[in-house]
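What follows is a single structure, written as C-alpha cells, with notes after it.
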Amino acid sequence: MLFNELFEDYSNALRPVEDTDKALNVTLQITLSQIKDMDERNQILTAYLWIRQSWYDAYLKWDKDEYDGLDSIRIPSNLVWRPDIVLYNKADDDFSEPVNTNVVLRYDGKITWDAPAITKSSCVVDVSYFPFDDQQCNLTFGSWTYNGNQVDIINALDSGDLSDFIEDVEWEIHGMPAVKNVITYGCCSEPYPDITFTLILKRRSSFYIFNLLLPCVLISFLAPLGFYLPADSGEKVSLGVTVLLALTVFQLMVAESMPPSENVPLIGKYYIATMTMITASTALTIIIMNIHHCGAEAQPVPQWARVVILDYMSKIFFVYDVGENCTSPQRVKTQEHKLRKDFKYQKKQDRHKVVTSQLSRNRNNDSDLKKKLNGHLNNSNGIQCENAKDAVNCCSCYKVLIKNIEYIANCVRDHKANRAKGIEWKKVAKVMDRFFMWIFFIMVFFMSFLIIGKAI
C-alpha cells in the first residue's frame, strides 16, 4: 500500500525538489576496495569502487506511524530519480549505465544508493624514478548535465574510504584525499561542481629489484673482470660482447612495460650507463690486446712509459713478471736492468772470449807445426813449402769459423733483444689491464650507490 501510494503520481524524470530555483544537494562517498590493474604503458588505472550517493526526494515521504512504524523500504533504483554523476576521466570503451542495485528509501525522503563499479580512469604516469616511483591518479566525479544551480555535490568525507581496501601486491596506498572544485566551462556560463579524489600510490619495488636491477648489477661486475682475463685466452672481447647482449635483453624488457615518453626511467638510465661502460671496456680491451701482441716489428717501449708504467704503476697495481713478487723488488730491478742493459758491452766480451779461445788453439797448432818443421829440416825444400801452405790454409779456416760463430752469437743476441722488447710490451699491457679494471670497478660501485641513493 505504501509503495502504491508513493509512486502513484511520481515521475523519475524530474528533479525532486519543491522549489525548482533551489539546488538539490547530493552527498558523494567513494570507498576504494581494490586496485585491479595499473597499465603504465597505456596510462590506465583499473579500480574496484563502492559509490554511495544520498539525497532527499521531496515527493517520497510518509508518516511512519501510519504504516506500523515502517521507516524505510528497498526498491529498485530505476524507479526513482537518480543524479547523473559520472566519472569524468573515464577511459573505458563501455558506456553502460550504472548497476541497477536497490536504493534505501527512508520515511523523511532520504535516498541512499550504494552501487559497486569497476572503473577505468586515465592516469598520467611519471616513470622517471621507476621502479622506485610514486604515482598520483585522479578520480573526478560530477554531474554530466546538471549544473551547480540544479545539483550540488557535497563531500561525505575529507578523503576516500580505505577501511575495506584489499592490499595490492604491487602498490601501496598512502592516502586518497578529496577536493571539491567548481569549474566554469567555455561552453556554458553556469558553474559545474565536481569532486576529485587523488589516489596516492607507491610502487613496491622488491619484484623489480630482484628481477631487473640485481641481475643488471651482477652482470655489470663482469665487465671489469674482463680486464683480469689473460690476453692469451682469446675470450676477453667475447666476454664484453656477451655481457652487452645480456644487458640489451633486460633493457628491452623494461622498454616494453614503460610508456613511450620523454622521461627515461631510472633503471633505464642505469642500463644505458652500464652498456656505455661495457662498450668502452670492450674497446679498451681491443687496444690493450694490440699492445700485448706487439712483436719484434714494434718500436721499443718509450722512456716515459718505462718510468710511469713499468716502474711506478706496476708496483701500485702489484703487477710482476713470472717468478717475481712484492717481497723481492731488488730482483725485479736486476732483471729489468738485464733486459735493458747495453748489448754492445756483452758483444765485445763475447767476441773477446771467442778470439782468445781461437788464438790459443792457433798457438797449439803453430807449436805442433813448428815441431813438425823442426823434425823435418833435412827434408827437401818442396816438402817445407807444402807444410807452410797447409799452415796458412788452417789459419784462414779458423778466421771463417770465427766469423760464423760471431754471426750466430749476434743472431742469438738479437733474438734475446726482440724477446725482451716483447716482454716489456706484454707487461705494459698487463699493467694497463689492472689499471682499467680498478677504474671500471669504481665506476660500477658509484653507479650502484647512485641508483640506491635515488631510490632512498
Side-chain angles (χ1 to χ4, degrees), residues 15 17 22-38 43-57 72 77 82-92 98-99 101 103-106 108-126 133-168 170-185 190-204:
R15 191 164 54 96
V17 291
K22 293 182 179 181
L24 179 64
N25 295 326
V26 177
T27 304
L28 179 66
Q29 179 181 345
I30 300 296
T31 300
L32 178 62
S33 177
Q34 185 182 5
I35 296 177
K36 298 184 68 67
D37 183 37
M38 168 65 87
Q43 302 191 28
I44 295 177
L45 171 66
T46 304
Y48 180 47
L49 306 177
W50 297 343
I51 303 175
R52 167 170 288 189
Q53 305 176 53
S54 61
W55 65 94
Y56 285 90
D57 194 318
S72 63
S77 60
R82 296 175 300 184
D84 57 346
I85 295 178
V86 296
L87 180 63
Y88 280 178
N89 56 335
K90 186 176 181 181
D92 193 3
V99 180
T101 57
V103 298
V104 179
L105 176 60
R106 291 179 55 83
D108 56 355
K110 183 179 180 180
I111 298 177
T112 302
W113 181 26
D114 291 324
I118 297 177
T119 61
K120 290 185 177 181
S121 58
S122 59
C123 178
V124 179
V125 179
D126 184 11
D133 54 331
D134 299 329
Q135 304 296 334
Q136 293 186 0
C137 296
N138 295 329
L139 299 172
T140 303
F141 293 90
S143 176
W144 191 253
T145 58
Y146 293 105
N147 56 51
N149 298 326
Q150 297 171 329
V151 173
D152 190 15
I153 304 176
I154 302 174
N155 288 332
L157 301 172
D158 294 335
S159 63
D161 187 5
L162 301 176
S163 58
D164 296 320
F165 178 73
I166 300 174
E167 292 293 332
D168 190 71
E170 186 178 359
W171 297 96
E172 296 178 358
I173 304 299
H174 287 184
M176 193 178 177
V179 177
K180 180 179 179 180
N181 303 308
V182 179
I183 302 175
T184 302
Y185 296 96
E190 298 85 0
Y192 283 85
D194 63 64
I195 297 178
T196 300
F197 295 87
T198 302
L199 193 60
I200 302 175
L201 304 175
K202 181 176 178 58
R203 192 188 303 271
R204 301 179 189 268

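Residues take their numbers from the sequence shown, with the count starting at 1. Bear in mind the structure is a predicted one, so any value in this text is a computation, not a measurement.
- Side-chain atoms of Ser122 do not come within 3.5 Å of backbone N or O of Ile44 as any donor-acceptor pair.
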Before you tell me yes or no, could you show the steps for Met176 and Thr198 under side-chain contact (heavy atoms from CB on, under 4.5 Å), namely the whole-Å CA-CA distance, both residues' side-chain angles and the distance that decides it to 0.1 Å?
CA-CA 5 Å; Met176 193 178 177; Thr198 302; over 6 Å; no
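- Residues Asn138 and Thr196 have side chains that never bring a donor and an acceptor to within less than 3.5 angstrom of each other.
- Here the CD atom belonging to Glu167 is positioned 6.0 Å from the CZ atom belonging to Phe165, to the nearest 0.5 angstrom.
- In terms of modelled atom types and a separation under 3.5 Å, the side chain of Asp84 and the main chain of Thr145 share a donor-acceptor contact.
- Partners of Tyr56 by ring-ring contact (aromatic ring centres under 6.0 Å, His included), not counting sequence neighbours: none found.
- At a cut-off of 3.5 Å, with distance as the only test, a side-chain donor of Ser77 or Arg82 sits close to an acceptor on the other residue.
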I'd like to know whether Ile195 forms a side-chain contact (heavy atoms from CB on, under 4.5 Å) with Thr140, so could you lay out the CA-CA distance, the side-chain angles of the two residues, the decisive distance to 0.1 Å, and finally the verdict.
CA-CA 6 Å; Ile195 297 178; Thr140 303; over 6 Å; no
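- Of all the heavy atoms in Thr27 and Asn155, the pair that sits closest is CG2-C, 4.4 Å.
- Asp194 places a side-chain heavy atom less than 4.5 Å from the side chain of Ile183.
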Decide yes or no on side-chain contact (heavy atoms from CB on, under 4.5 Å) for Thr46 and Ile35, but give the supporting numbers first.
CA-CA 6 Å; Thr46 304; Ile35 296 177; over 6 Å; no
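- Looking only at distances, no side-chain donor or acceptor of Thr119 sits under 3.5 Å from a matching main-chain atom of Leu49.
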Can Gln135 and Trp171 be said to form a side-chain contact (heavy atoms from CB on, under 4.5 Å), step by step?
CA-CA 10 Å; Gln135 304 296 334; Trp171 297 96; 3.7 Å; yes
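- For Ser159 against Phe197, the heavy-atom pair with the smallest separation is C-CE2, 4.4 Å.
- Judged by distance alone, with hydrogens and angles left aside, the side-chain atoms of Tyr192 form no donor-acceptor pair with the main-chain N or O of Tyr146 at under 3.5 Å.
- Under the 3.5 Å distance criterion, the side-chain polar atoms of Arg15 are matched with a main-chain donor or acceptor of Gln150.
- Here salt bridge (Lys or Arg N to Asp or Glu O under 4.0 Å) pairs that include residues 157-166, with residues two or more places apart or in two chains, number zero.
- The two residues Val151 and Pro193 make their nearest non-hydrogen contact at O-CG, 3.9 Å.
- Nearest heavy-atom pair, Ala47 versus Leu32, reported as atom, atom and distance to 0.1 Å: CB-CD1, 4.0 Å.
- Residues Gln43 and Val124 come closest through the heavy atom pair OE1-CA, 3.4 Å.
- With rounding to the nearest 0.5 Å, the separation of OG1 in Thr184 from CG in Asn147 is 10.0 Å.
- Applying the salt bridge (Lys or Arg N to Asp or Glu O under 4.0 Å) definition to pairs two or more places apart or across chains, those involving residues 138-153 are Asp152-Lys180.
- In summary, the side chains of Trp113 and Thr101 do present a donor paired with an acceptor at a separation below 3.5 Å, with no hydrogens or angles considered.
- In plain terms, the two heavy atoms of Pro116 and Tyr48 that are nearest each other are CB-OH, 3.7 Å.
- The CG atom of Asp57 lies 4.5 Å from the CD1 atom of Ile111; values are rounded to the nearest 0.5 Å.
- Note that CG of Leu87 and CD1 of Ile51 are 7.5 Å apart. Values are rounded to the nearest 0.5 Å.
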